[in-house]
Amino acid sequence: MRTYLDCLPCFLSQALRAARKATDDESLIKRVLEEVGKMLGDLPLESTPPESGRRVYQKVGAITGNHDPFRELKEESTRKALALYPLLKDRVQASSDRLEAAIRIAIAGNVIDFGPNRAFDLEREIDATLEKEPAIWDYPAFRDAMSSAHEILYIGDNAGECVFDRILIEELNKPVLYVVRDVPVINDATYEDALQAGIDQVAAIVSSGTDAPGTILHTCSSEFRRIYEQAECIISKGQGNYEALSSERRPIFFLLKAKCRVIANDIGVHEGDIVLKMI
């Protein structure tokens, strides 16, 4: 997915939010805004939003000296998600289609996002996602692909959301490689976040090698690119991974909530819709 003009003010807003989390020094926050504002004029619209976002968050870290401003929020979101874990398991077990219920729960977890989304009610989001009619729901293809796959590559998104992914992984009953970011960026999941969520109990955790808020393949490690190219079935969570991988020609299933109008338009749905989309 390319960068749209509407993405540019969003980058500036994200920079301000991250800078305020990173420091209380208003002079540094102002400098972040000035530097990112200058940068926006040079961002190619042909690049994906995570490529541009990578530069924005690198600038925030370089100026403030804080490269993980959302650390406490990440830990808090994981604790809250873990507290809901027994309830989530009960909902899956009570469903007439456990796999489909687990997919919906995994998508509900995608609301945990401190990039474009400022506020969310996690428990309310779970209820709404379990009841909402999906805009795109390639469930039969997903079910068949999971059934025939020997191993699944699962590209994670945000910290806290990992707990919801764990619910789905437990229903897949297949070996899973769970992919995390190499270093902190926004509230994207790193190895430590996945461990806190208990992902190591249900999957092997691997790093993509990137420091971007999305799986930009040319910034990933050679080891991860080899795993990606050999994967027979891929689950991709969240908007950032959709933005980075939507032009790929691989067996990918995108699971997400369309939290911004630009991405919703690119997919062909409405803002707020839930999506299980195969490419």
Side-chain angles (χ1 to χ4, degrees), residues 1-15 17 36 39-57 103-104 106-118 120 125 128-129 132-139 141-142 145 153-158 161 165 179 181 185-189 208 210 212-220 228 233-279:
M1 173 180 153
R2 72 178 185 89
T3 297
Y4 293 85
L5 291 176
D6 300 76
C7 298
L8 302 184
C10 183
F11 289 141
L12 196 61
S13 177
Q14 290 186 52
R17 194 152 59 250
V36 170
M39 183 192 303
L40 294 180
D42 297 326
L43 292 180
L45 295 180
E46 296 76 21
S47 66
T48 64
E51 288 177 285
S52 303
R54 180 186 186 218
R55 294 178 59 186
V56 169
Y57 285 98
I103 294 169
R104 285 178 172 269
I107 293 174
N110 188 230
V111 74
I112 304 174
D113 192 343
F114 301 122
N117 200 37
R118 296 182 180 178
F120 52 85
E125 186 67 25
T129 303
K132 188 177 180 67
E133 185 69 24
I136 300 175
W137 201 243
D138 293 330
Y139 177 60
F142 181 93
L153 185 65
Y154 196 123
I155 304 177
D157 191 20
N158 299 318
E161 186 177 346
D165 294 336
V179 183
R181 306 287 187 252
V185 56
I186 325 180
N187 66 318
D188 289 16
S208 63
T210 188
T215 308
I216 306 169
L217 291 173
H218 69 81
T219 68
C220 293
Y228 173 83
C233 186
I234 302 169
I235 296 174
S236 170
K237 282 296 298 295
Q239 295 188 144
N241 288 323
Y242 171 80
E243 291 169 322
L245 297 172
S246 59
S247 297
E248 286 288 300
R249 293 295 173 260
R250 302 286 293 124
I252 304 177
F253 289 90
F254 293 101
L255 278 65
L256 58 90
K257 177 179 179 179
K259 290 169 286 190
C260 89
R261 181 175 54 81
V262 173
I263 291 176
N265 289 343
D266 191 83
I267 298 173
V269 299
H270 295 103
E271 187 174 353
D273 280 345
I274 62 173
V275 172
L276 165 57
K277 178 180 174 63
M278 177 185 67
I279 62 168

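In this text the structure is predicted, and so the values were computed from the model without any measurement. Along the sequence shown, residues carry numbers from 1.
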Value rounded to 0.5 Å, distance of [atom1] in [X] from [atom2] in [Y]:
X: Glu51; Y: Thr219; atom1: CD; atom2: OG1; answer: 7.5 Å
X: Leu245; Y: Ile252; atom1: CG; atom2: CD1; answer: 5.0 Å
X: Asp273; Y: Ile107; atom1: CG; atom2: CD1; answer: 11.0 Å
X: Leu8; Y: Met39; atom1: CG; atom2: CE; answer: 12.0 Å
X: Leu217; Y: Glu248; atom1: CG; atom2: CD; answer: 5.0 Å
X: Asp165; Y: Asn158; atom1: CG; atom2: CG; answer: 9.5 Å

Would you find a donor on one side and an acceptor on the other, under 3.5 Å apart, between the side chain of [X] and the backbone of [Y]?
X: Thr129; Y: Arg104; value: no
X: Arg261; Y: Glu271; value: no
X: Asp188; Y: Arg181; value: no
X: Arg54; Y: Gly214; value: no

Under a 4.5 Å cut-off applied to non-hydrogen side-chain atoms, are [X] and [Y] in contact?
X: Gln14; Y: Tyr57; value: yes
X: Ile103; Y: Leu276; value: yes
X: Thr210; Y: Thr215; value: no
X: Phe11; Y: Ser52; value: yes

Worksheet entry | Verdict with reasoning, Ile155 to Ser208, per side-chain contact (heavy atoms from CB on, under 4.5 Å) | CA-CA 9 Å; Ile155 304 177; Ser208 63; over 6 Å; no
On a heavy-atom basis, which atom in [X] and which in [Y] lie closest, and how many Å separate them?
X: Asn241; Y: Ser236; answer: CB-OG, 3.1 Å
X: Ile263; Y: Glu243; answer: CD1-OE2, 3.2 Å
X: Glu161; Y: Ala106; answer: OE2-O, 4.3 Å
X: Pro213; Y: Ile186; answer: CB-CD1, 3.8 Å
X: Ser246; Y: Ile279; answer: O-CD1, 4.3 Å
X: Val185; Y: Ala212; answer: CG1-O, 3.7 Å

Practice prompt. Take Leu255 and Lys237, measure what side-chain contact (heavy atoms from CB on, under 4.5 Å) needs, and give me the verdict at the end.
Written response: CA-CA 5 Å; Leu255 278 65; Lys237 282 296 298 295; 3.6 Å; yes
Fill in: From CA spacing to verdict: side-chain hydrogen bond (donor to acceptor under 3.5 Å, both in side chains), Tyr4, Asn265
CA-CA 11 Å; Tyr4 293 85; Asn265 289 343; over 6 Å; no
Worksheet item: Could you walk me through whether Val262 and Met1 pass the side-chain contact (heavy atoms from CB on, under 4.5 Å) check?
Response: CA-CA 10 Å; Val262 173; Met1 173 180 153; 3.6 Å; yes
Worksheet item: Stepwise, does the side-chain hydrogen bond (donor to acceptor under 3.5 Å, both in side chains) test hold for Asp157 with Asn110?
Response: CA-CA 8 Å; Asp157 191 20; Asn110 188 230; 3.1 Å; yes
Worksheet item: With respect to Phe253, which candidate in Tyr139, Tyr242, Phe142, Tyr154 satisfies the ring pair (Phe, Tyr, Trp, His ring centres under 6.0 Å) definition?
Response: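 Exactly one pass, corresponding to Phe142.
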